[in-house]
Amino acid sequence: MIAAEDTALLLLAAGRSSRFLGQNSKLDAMLDGRPLGLHVVETLAPIPFRARLAIVKRSSIDYTEHGYVAVENEDPVGDMASSLRLGVRQAAAAQPLALMIVLADMPRVSADHIQRLLAVASGSHAIVASTDGQTPRPPAIFGRAIFPKLEALTGDAGAREVIMRGHHVRATADELIDVDTREQLQSLH
């Protein structure tokens with residue numbers, strides 16, 4: 001088990017929202033009376049992570065009000081992995097044993113699932129990801145020995161290949177929904 005106190009939380013909130021037509025950032029869209037990008041933040045608030053970082057771009061949400069260090073992604077490459085690389089570099093300053101990566105557009109992730117991921121993670125080479133039984137995905141934990149691999153990633157696949165080699169903790173498909181379109185958001189109401 002890697003304790004939350006030894007883990008940095010990295011919230012990826014700098015997506016392009018390209019499939020969420022008509023709005024600058026899907027994270028600002030309302031779901032159940034609050035912005036989509038705050039659901040996972042509020043769910044994870046009671047967990048005592050060593051550090052909380054949010055990689056941001058266009059959202060109007062001020063993550064610093066929720067205890068995060070907000071880091072703007074100004075990477076001209078613009079690939080999905082740029083936020084991950086930036087976040088890993090920033091998180092290393094807190095000297096965590098592990099890094100928990102969560103997407104800001106996953107409003108149904110539970111604190112219980114995050115605790116299950118932490119309970120399974122062990123050692124500096126830990127790779128633990130979520131799965132609905134078919135596809136491994138975030139939230140995911142990476143031990144500190146994996147940080148150089150994450151910093152070397154490029155392109156739009158993110159950490160997909162690294163996650164495939166790890167341990168997978170099952171959650172329901174509903175809990176792991178990643179909102180990319182207005183239709184997906186509407187289905188959650």
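It should be emphasised that the depicted structure is a prediction, and the values quoted were computed from it without experimental measurement.
- Between T154 and R85 there is a side-chain heavy-atom pair separated by less than 4.5 Å.
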For residues 113-122, which side-chain N or O atoms pair as donor and acceptor with protein atoms under 3.5 Å away, sequence neighbours left out?
unit_1	atom_1	unit_2	atom_2	d
H113	ND1	R116	NH2	3.0
H113	NE2	S130	OG	2.7
R116	NH1	D112	OD2	2.5
R116	NH2	R170	O	3.3

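- A salt bridge does not link R137 with D178: every distance from a Lys NZ or Arg NE/NH1/NH2 to an Asp or Glu carboxylate oxygen is 4.0 Å or more.
- Using a 4.0 Å cut-off between a side-chain N of Lys or Arg and a carboxylate O of Asp or Glu, R108 and D132 do not qualify as a salt bridge.
- Here the shortest heavy-atom pairing between M100 and P139 reads SD-CB, 4.2 Å.
- Note on V102: it does not cluster hydrophobically with I2, by side-chain heavy-atom contacts below 4.5 Å among ILVMFWY residues.
- Linking ILVMFWY side-chain heavy atoms closer than 4.5 Å, directly or via other members, places L97 and I146 in two distinct hydrophobic clusters.
- Here CD1 of I163 is found 7.0 Å from CD1 of I101. Values are rounded to the nearest 0.5 Å.
- Between the CG atom in L176 and the OG1 atom in T131 there is a gap of 7.5 Å [rounded to 0.5 Å].
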Without placing hydrogens or testing angles, list every side-chain donor-acceptor pair under 3.5 Å for residues 36-50, not counting sequence neighbours.
unit_1	atom_1	unit_2	atom_2	d
H39	ND1	R34	NH2	3.2
H39	NE2	L31	O	2.8
E42	OE1	R34	NE	2.5
T43	OG1	H39	O	3.0
R50	NE	E5	O	3.1
R50	NH1	A94	O	3.3
R50	NH1	Q95	O	2.6
R50	NH2	D6	OD1	3.1

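- With a 4.5 Å cut-off on side-chain heavy atoms, Y63 and L53 do not count as touching.
- Closest of all the heavy-atom pairs between S110 and E175 is OG-OE2, 2.5 Å.
- In this structure Q90 satisfies the side-chain hydrogen bond (donor to acceptor under 3.5 Å, both in side chains) test with no other residue, sequence neighbours excluded.
- Summarising the local packing, CE of M1 is surrounded by more than 12 heavy atoms from other residues, nucleotides or ligands at distances under 6.0 Å.
- Closest approach of V88 and L99 over heavy atoms only: CG2-CD2, 3.7 Å.
- Note: L10 CG to I141 CD1 = 12.5 Å, rounded to the nearest 0.5 Å.
- Heavy atoms only, all atoms of each residue included: F142 and F147 are closest at O-CE1, 3.4 Å.
- For the pair I61/Y68, no side-chain contact is recorded, criterion being any heavy-atom separation below 4.5 Å from C-beta on.
- To the nearest 0.5 Å, atoms NE2 (H125) and CZ (R165) are separated by 11.5 Å.
- The two residues S82 and N73 make their nearest non-hydrogen contact at OG-ND2, 3.1 Å.
- Considering all non-hydrogen atoms of both residues, P35 and M30 come closest at N-SD, 3.7 Å.
- Remark: the backbone N or O of D105 is not paired with any side-chain donor or acceptor of K26 at under 3.5 angstrom.
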